[in-house]
Amino acid sequence: MRPKKEKIKQEESALSSRVIKEEKRVELPKLEERVEGRDKEQRVRRRKVTWGVDNVQALAGRVGSDIPERYIRPERQNEYAHSNSSSDGCAGVGSIPIIDYNKLTDPNFSDEEAAKLHSACQEWGFFQVVNHGVPGDILYKMKQDTEGFFKLPLEEKESVAQLPGHLEGYGQAFVLSEKQKLDWGDMLFIGTLPSHIRQTRFWPTNSHSFSETIDKYSTEVKRVSDILFRKISENLGLGQGKLYEMFDDGILALRFNYYPPCPRPEEVLGISPHSDGNGLTLLLQVSDFPGLQIRRKGRWFTVEVIPGAFVCNVGDIVEILSNGRYKSVEHRAVVSERNERISVAAFRTLNVGDTVGPISELVQGEEVLYKTLPFEEYLKMLTGSKLEGRSNIDRMKMDA
Ligand SMILES: O=C(O)CCC(=O)C(=O)O
Ligand SMILES: [Fe+2]
């Protein structure tokens, strides 16, 4: 029998993250049968051995005000002092541009609304989409079932825990070293479209209808974002079909974020500053008080909650495709002393076999600012680094 440590190491490398090219599908690693058969407790233990990261919801329930050092962000202390001494502060709640989906799709108003969308993408990188037509009962079920999932006892949530090398499942995102600072939040990440990428063993089962709700929600989010891709494409002078077709058979993944209350909220972060590595993100702010902040003109700007609206942002891939015409803006989440906060991010991205790089029509006679990479390589780069500001997009710059 091999020493335990070595055995675990071997299993981990067998399960290490890889992207398999197979009929244009991304497949996160399949587990070997023997691992599949193990019990839940063993799964949890293996995850802890790998990352040594606590479940934050459970931690929040037991630590009192004595928060482990790994969650304390020195940069926030400086920022707090700075905001106290400056007159306009750094975290006012405000309005980002609002795009009316009804108008965007109505021939009488679409030109005007598309122009608003163009300036939102250029000036803000963020906007809220209202009147998107996603049925209220689907949004309501998403909220109910998501809240229900995070209310489950830890052992039950752990039944869909991340496994070493998997992107999907319940746990903490982008923890890659024992030294890095940790986010005050847990998350569940699953791929939902195209349907053949689904790894339903990571899907929550707390409500018998959750899978159905996720399925319907994904279809609706795709419909809304398809229109956004069409309009963005046209706004970039590419014709409506270009971006729509690039992303049509791409991946849609959902990330359910849970931020527990924190006794020292001004010293931690729910999610580290980052730009999204995908094409377009549509975020549902499930809880009705704010937490999302975007970096704007050197300050953090808190995005207001419009119940039922999608907070949309341009991701790194659209910045790259547009050769920098649109910017993927850095954002983060802060947490509250009293209230938990939940959000659901839907990420639209490309698929295996695609290429990430500036679109040729958009670099005619101008400097090419970003590298071109196969999507598989791009994804490897993305998942191999922690969330850290715009570091991903910076690595894609020509002069990097
Ligand atoms: O919870 C939020 O408001 C932000 C979440 C986010 O940025 C993400 O999931 O990428
Ligand atoms: Fe994000």
Side-chain angles (χ1 to χ4, degrees), residues 56-57 91 93-94 96 124-129 142-143 146-147 149-150 162 167-175 182-192 214 217-218 221 225 251-262 265 268-296 300-319 326-336 339-349 379 382-383 385-393:
V56 184
Q57 191 174 1
V93 182
I96 59 175
W124 287 80
F126 267 84
F127 51 92
Q128 307 230 30
V129 174
M142 255 325 248
K143 181 177 158 80
T146 303
E147 286 171 349
F149 171 74
F150 288 115
Q162 291 168 322
L167 289 177
E168 304 199 46
Y170 174 65
Q172 288 72 37
F174 296 100
V175 179
L182 297 174
D183 292 340
W184 193 260
D186 305 313
M187 61 104 220
L188 169 68
F189 185 73
I190 53 171
T192 66
I214 289 171
Y217 183 81
S218 301
V221 165
S225 46
I251 292 168
L252 189 142
L254 298 182
R255 181 175 148 145
F256 302 79
N257 296 301
Y258 179 86
Y259 311 104
C262 178
V268 304
L269 282 173
I271 188 166
S272 302
H274 66 283
S275 62
D276 291 342
N278 54 302
L280 200 60
T281 305
L282 287 79
L283 181 96
L284 184 67
Q285 303 206 74
V286 172
S287 310
D288 48 15
F289 51 86
L292 171 64
Q293 297 187 328
I294 66 175
R295 199 195 279 283
R296 182 160 173 79
W300 289 106
F301 181 97
T302 304
V303 176
E304 70 176 326
V305 178
I306 302 179
F310 289 124
V311 180
C312 300
N313 62 289
V314 167
D316 296 349
I317 293 182
V318 166
E319 174 170 335
Y326 294 164
K327 292 280 185 300
S328 173
V329 168
E330 221 180 304
H331 53 284
R332 68 182 190 180
V334 294
V335 302
S336 136
N339 305 302
E340 58 173 25
R341 177 170 175 268
I342 294 174
S343 66
V344 180
F347 302 111
R348 292 280 317 255
T349 194
L379 197 60
L382 191 69
T383 53
S385 39
K386 64 175 179 170
L387 287 183
E388 194 174 31
R390 282 177 35 94
S391 58
N392 174 53
I393 192 95

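The figures that follow rest on heavy atoms only: side chains count, while hydrogens, waters and symmetry mates do not. In listed order, ligands and their atoms are each counted from 1.
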Derivation and outcome, side-chain contact (heavy atoms from CB on, under 4.5 Å), residues L188 and R255: CA-CA 6 Å; L188 169 68; R255 181 175 148 145; over 6 Å; no
side-chain contact (heavy atoms from CB on, under 4.5 Å) evaluation trace for H331 with F126: CA-CA 10 Å; H331 53 284; F126 267 84; 3.6 Å; yes
Determine, step by step, whether F310 and V221 satisfy the side-chain contact (heavy atoms from CB on, under 4.5 Å) criterion, reporting the C-alpha distance in whole Å, the side-chain angles of both residues, the deciding distance to 0.1 Å, and the verdict. CA-CA 9 Å; F310 289 124; V221 165; 4.0 Å; yes
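Using a 30° and 60° split on the angle between ring planes, F347 and F189 fall in the tilted class, from 30° to 60°.
Remark: R295 engages E330 in a side chain to side chain donor-acceptor pair (under 3.5 Å) (not counting sequence neighbours). Here Y326 pairs with H118 under the side chain to side chain donor-acceptor pair (under 3.5 Å) rule; sequence neighbours left out.
The backbone N or O of G315 lies less than 3.5 Å from no partner atom in the side chain of D276, so there is not a single donor-acceptor pair. Within the 3.5 Å criterion, the main-chain N or O of E304 finds a donor-acceptor partner in the side chain of Q128.
A heavy-atom cutoff of 4.0 Å around ligand 1 is satisfied by the protein residues R255, N257, Y259, I271, H274, D276, L283, L292, H331, R341, S343, A345, F347.
Protein N/O/S atoms found under 2.8 Å from the Fe ion (ligand 2), listed by chain and residue number: H274 NE2, D276 OD1, H331 NE2.
Between Y170 and F149, the ring centre distance stays below 6.0 Å.
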